[in-house]
Amino acid sequence: MADVFRGSSLASIEDTGRFKLPGVFKDLIDAQLGEGAKFFITSQDGKRAQIYPMREWEEREALLATLPMSSPVRIKFQKMVAYYGAPAVMDKQGRIQLAPVLRNEANLKGEVVVLGMAGKLEPGYLEVMNHEMFKDEMKSKPFTEEDLAALAALGM
């Protein structure tokens with residue numbers, strides 16, 4: 001893996017739902033995806049926004065298409081990501097608009113944390129979560145022995 005989204009940074013979401021991507025992530029997007037980069041923004045749980053470069057999202061759609069149209073998991077997944085999802089384009093200043101349904105459900109206002117998540121394709125995707133809710137989640141779901149064993153099985 002070469003240049004992928006890594007680390008985290010804080011950002012602020014405006015009342016309009018627009019926010020500026022932190023420089024470390026914007027620079028990578030500019031280098032790999034260029035000006036006017038297209039994204040699909042959604043959530044799989046309503047607690048966080050997941051910002052996928054369109055080609056990464058299309059790869060996920062292709063994987064999902066391998067399931068039968070009648071597959072309950074396919075239907076459930078498609079309904080979830082469609083409900084929260086919307087395409088977006090990054091403007092020249094590195095700003096992206098979040099859809100109102102997702103913003104309200106995930107309480108994405110004020111200070112948020114933006115996490116780089118390496119993916120199957122470079123550069124991966126970004127996850128955006130209310131900063132206070134993220135800290136609470138980290139405290140309530142610490143690493144377990146099972147988590148550590150799963151990582152050890154990978155040689156980590």
Side-chain angles (χ1 to χ4, degrees), residues 1-69 71-138 141 154 156:
M1 268 193 226
D3 292 328
V4 296
F5 293 133
R6 290 187 179 98
S8 68
S9 189
L10 297 178
S12 294
I13 296 186
E14 300 170 6
D15 291 340
T16 62
R18 193 171 62 175
F19 83 105
K20 186 172 183 173
L21 287 169
V24 64
F25 300 129
K26 183 186 179 306
D27 292 346
L28 184 58
I29 290 167
D30 286 343
Q32 290 195 11
L33 306 175
E35 188 175 311
K38 295 179 181 177
F39 299 90
F40 187 73
I41 304 174
T42 190
S43 181
Q44 294 176 33
D45 63 6
K47 297 178 183 176
R48 67 203 84 235
Q50 294 160 308
I51 303 174
Y52 293 92
M54 195 57 78
R55 69 178 185 215
E56 176 93 16
W57 184 254
E58 288 169 348
E59 177 75 19
R60 288 173 174 263
E61 287 178 325
L63 288 172
L64 191 63
T66 64
L67 292 174
M69 290 287 292
S71 164
V73 70
R74 178 179 177 168
I75 294 167
K76 188 177 188 178
F77 180 81
Q78 285 183 307
K79 284 181 180 180
M80 178 71 76
V81 298
Y83 178 71
Y84 291 119
V89 176
M90 183 179 78
D91 70 15
K92 291 179 183 180
Q93 289 78 37
R95 297 174 300 193
I96 292 182
Q97 181 74 37
L98 298 174
V101 170
L102 179 54
R103 270 195 341 257
N104 293 332
E105 186 79 20
N107 196 27
L108 296 175
K109 15 184 141 145
E111 189 173 66
V112 295
V113 62
V114 182
L115 304 164
M117 309 293 278
K120 184 174 181 180
L121 299 176
E122 294 175 10
Y125 68 98
L126 297 172
E127 194 167 278
V128 181
M129 191 170 182
N130 175 288
H131 191 212
E132 289 304 315
M133 290 172 65
F134 176 75
K135 291 190 295 186
D136 290 344
E137 182 177 273
M138 294 295 286
K141 296 180 182 178
L154 291 173
M156 294 181 70

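Below, each value reflects all heavy atoms present in this structure, side chains not excepted, and no hydrogens, waters or symmetry copies. All residue numbers refer to positions in the sequence shown, counting from 1.
Pairs of residues two or more places apart, or lying in two chains, that qualify as salt bridge (charged side-chain N to carboxylate O under 4.0 Å, His left out) and include a residue from residues 23-32 are Lys26-Asp30.
Heavy-atom minimum distance, Ser43 versus Arg48: OG-O, 2.7 Å. Contact record, His131 with Val113: CD2-CB, 4.0 Å, taken as the closest heavy-atom pair. Between Gln78 and Leu64, the shortest heavy-atom distance links the atoms CG-CD2, 3.5 Å. Met90 approaches Phe39 most closely through the heavy-atom pair CB-CE1, 3.8 Å. In terms of heavy-atom proximity, Gly124 sits nearest to Pro53 at O-CD, 3.0 Å. Among all heavy-atom pairs drawn from Thr42 and Tyr52, the shortest one is CG2-CE1, 4.1 Å.
Between Glu111 atom CD and Phe134 atom CZ the span is 12.0 Å, to the nearest 0.5 Å. One finds the CG atom of Asp45 at 7.5 Å from the OH atom of Tyr84 (value rounded to the nearest 0.5 Å). Note that CG of Leu98 is 13.0 Å distant from NZ of Lys109, once rounded to the nearest 0.5 Å. Once rounded to the nearest 0.5 Å, the distance linking CD1 of Ile51 with CE of Met117 reads 12.5 Å.
Ring pair Phe5/Tyr125: centre-to-centre distance not below 6.0 Å.
At a threshold of 4.0 Å, the pair Lys135-Glu132 counts as salt-bridged, since one of the basic side-chain nitrogens sits closer than that to a carboxylate oxygen.
Counting only heavy atoms from C-beta outward, the side chains of Met54 and Leu33 never approach each other to under 4.5 Å.
Of the candidates Leu108, Asn130, Ile96, Asn107, Leu108 is the only one forming a side-chain contact (heavy atoms from CB on, under 4.5 Å) with Ile13. Exactly one of Glu56, Met129, Glu127 qualifies for a side-chain contact (heavy atoms from CB on, under 4.5 Å) with Gln50. That residue is Glu127.
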Side-chain donor-acceptor contacts of residues 17-24 below 3.5 Å, not counting sequence neighbours, with atom names and distances?
residue : atom : partner : partner atom : Å
Arg18   : NE   : Glu14   : OE1          : 3.3
Arg18   : NH2  : Glu14   : OE1          : 3.4

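For Arg60 and Phe40, the positive end is not near the middle of the six-membered ring at less than 6.0 Å and at most 45° from its axis.
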